[in-house]
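Have a look at the structure below before the remarks.
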There are 2 protein chains.
Amino acid sequence: MKKLTETVNRFNILSEDSLHSFFAKMSPVKIPKGSFLIKENTTANYLYFIESGMLRSYYFANNKEVTISFSFSGDFITSMSSFIKQGPGYENIEALEDCELYQIHYKDLQSLLENDKDLEHIYRILLEQYYIKLEEQLIFSKFKTAKERYLNLLKDNPQIIQKASVGQIASFLDMSLETLSRIRATI
Amino acid sequence: MKKLTETVNRFNILSEDSLHSFFAKMSPVKIPKGSFLIKENTTANYLYFIESGMLRSYYFANNKEVTISFSFSGDFITSMSSFIKQGPGYENIEALEDCELYQIHYKDLQSLLENDKDLEHIYRILLEQYYIKLEEQLIFSKFKTAKERYLNLLKDNPQIIQKASVGQIASFLDMSLETLSRIRATI
DNA sequence: CAAGTCCTTTGACAAATGTCAAAAAATCAA
DNA sequence: TTGATTTTTTGACATTTGTCAAAGGACTTG
C-alpha cells in the first residue's frame, strides 16, 4: 500500500479518520500479466489504483486494436466513461505485466465522496490533473509526422517504449507497425 | 443569465444561498466576433460560461494554427491547463461570433469551492463530464481516414461545420484544408 | 535441441494526403 | 455597385504512410 499511501498523502489534508475510511474501502487485487482488468461492453464497477505493474487500455476499430493509454504504478485507472456513466464501456484494459492493484467499488466511492468533503476535494483535484494530461495527449496526437510523434513519446514516456510491443506502440501513435519499425531503424 | 441558471439548476441540489453566492461572483462580459478571450503565454485568470455565441481554441505548431476545440452556448471554457496550474498556457481562444459570457475569477472560484461543498460537488461532476467528452474527442481523432473524421463531425457537431471556416475545421480534423475541400466536393 | 509460434524487420507497391500554385467564389468595405 | 480581400476550390505533382507478403529473430515448450 506504499504507493497508494504516498499518493493520497501528497495532498496533506486528510485526517486520520478520512484516511482510515478510505483505505478501508480499497481492497487489494493481483492480476497476472496478460489478464484483463476490464472488458469492452461491460460496466466498470471499480476504480483501480496501480500499486505496481503496467496496463494498457484499448478498443477495437475495424478489427484492429487501437491503444488509448498506458498506465503505471501510481496511476488510477478504469474505463472512465463506463465507470462514471455506470453503463457499458468500449475499452479493454489488459495487464502488460503482473500487477498489484487496489480497487474501490463505485457505490463505496460515491458514498465516501458524499460524506467526506475532503476526499471529494482530492478527487476533484485528481480529475483536474487527469484532464490536463488527456489534453496534452490530444495535442501530441496531432503532431504531424509519424516520426515526430514517436520521438515525443520517446522523450516523455520511455517506459512505454521499453515495455510495450511495436504493434501496441504503433496503434497508440496512430501509425502502422511497419511504419514504426522503419522509424526505429533510422534512429 | 438564462442559460447559466438552467445549467446550474440541472443538478437540482444548490440551495438559494449557494446559488446566490455563486451568481454574485459571475460577472457578465461581452466580446465581439474576432476578438480574443485568452491569448497564448498568458495566465488564464477566469473561467467563462458561454451564455451565447461560439468560440474556438487553438495553438500554433510550425506557424500553423491547430484547432483544439469549438465551444458553444451552455459550455464552460478557459485554457484549462493554464487556469488550473495558474501559469502561462499555450492556447488562444477566439470569438467566432459575438459572445455573451459570464466570468468568474480563479480566486473567487477557489474560495467558493472551499466554502461550499455542494458547489464543489457540481464542479466535480462537470469535470467528469468534460473528461469523458475529451476522451471521445481523442478517440474520434484516431479515425483512420480523413473522410471518416469529417463525416463523424458532420453527424455529431453540425454546428461546427456550419459556422467555422474550412481551414479551421481542417485543422481541427488533422488534415489540410485542400483535403477537406475535396472531401466536401464528393458528398 | 528442435519445432512451433509470435514479433519485428524489410521490400515492393498502392493509396491517401500534403504542398504549391492558380482560378473561382464569396465576403467586405467604400 | 465595384474593387479589394479573403476563402474555397481545383489541378498537378511530391511525399508520407499503409498494405501485403516474405524473411529473419526471439521466445516457448515439449
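Side chains are part of it too, since the values below use all heavy atoms of this structure and drop only hydrogens, waters and symmetry mates.
A:Ser181 comes within 4.0 angstrom of a nucleotide base, judged by non-hydrogen atoms across all strands.
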Per-pair distances, 0.1 Å, donor-acceptor, side chain in residues 169-176 of chain B, under 3.5 Å, sequence neighbours excluded:
| residue | atom | partner | partner atom | Å |
| --- | --- | --- | --- | --- |
| B:Ser171 | OG | B:Thr67 | N | 3.0 |
| B:Ser171 | OG | B:Thr67 | OG1 | 2.7 |
| B:Ser171 | OG | B:Gln168 | O | 3.1 |
| B:Ser176 | OG | B:Thr179 | N | 3.2 |
| B:Ser176 | OG | B:Thr179 | OG1 | 3.0 |

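Between B:Arg56 and B:Glu94, at least one side-chain nitrogen of the basic residue sits less than 4.0 Å from a carboxylate oxygen of the acidic one, meeting the salt-bridge criterion. The pair B:Glu128-B:Arg124 counts as a salt bridge, with a side-chain nitrogen and a carboxylate oxygen less than 4.0 angstrom apart. Using a 4.0 Å cut-off between charged nitrogen and carboxylate oxygen, A:Glu120 and A:Lys117 count as a salt-bridge pair.
When the ring pair (Phe, Tyr, Trp, His ring centres under 6.0 Å) test is applied to B:Phe76, the partners found at least two apart in sequence or on another chain are B:Phe49.
Going from atom OH of B:Tyr150 over to atom P of C:dA16 covers 19 Å, rounded to whole Å. In this structure, the NZ atom of B:Lys163 is 18 Å from the P atom of D:dT7, given to the nearest Å. In this entry the distance linking CD1 of B:Ile169 with C1' of D:dT7 reads 12 Å, nearest Å.
Checked against A:Ser18 for a side chain to side chain donor-acceptor pair (under 3.5 Å), the options A:Asp116, A:Asp118, A:Asn115 give a single hit: A:Asp116.
Side-chain atoms of A:Glu51 come within 3.5 Å of backbone N or O of A:Lys3 as a donor-acceptor pair.
B:Leu138 contributes atom CG, which lies 11.5 Å from atom CD1 of A:Ile139 (distance to the nearest 0.5 angstrom). Expressed to the nearest 0.5 Å, how far CG of A:Leu101 lies from CG of A:Leu4 amounts to 11.0 Å.
Under the side-chain hydrogen bond (donor to acceptor under 3.5 Å, both in side chains) criterion, the residue pairs touching residues 77-87 of chain B are B:Ser79-B:Glu91, with sequence neighbours excluded.
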Seminar exercise, completed: Counting primed atoms, P, OP1 and OP2 as sugar-phosphate and everything else as base, the B/S/- map of nucleotides 13-30 of chain D against protein heavy atoms under 4.0 Å is ----SSBB----------
Exercise. How would nucleotides 24-30 of chain C be written as a contact map, 5' to 3', with B for base contact, S for sugar-phosphate-only contact and - for no contact, using protein heavy atoms under 4.0 Å?
Worked result: -------
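Taken over five-pair windows at either terminus, the axes of the helix from C:dC1-D:dG30 to C:dA30-D:dT1 are inclined to one another by 50° (rounded to 10 degrees).
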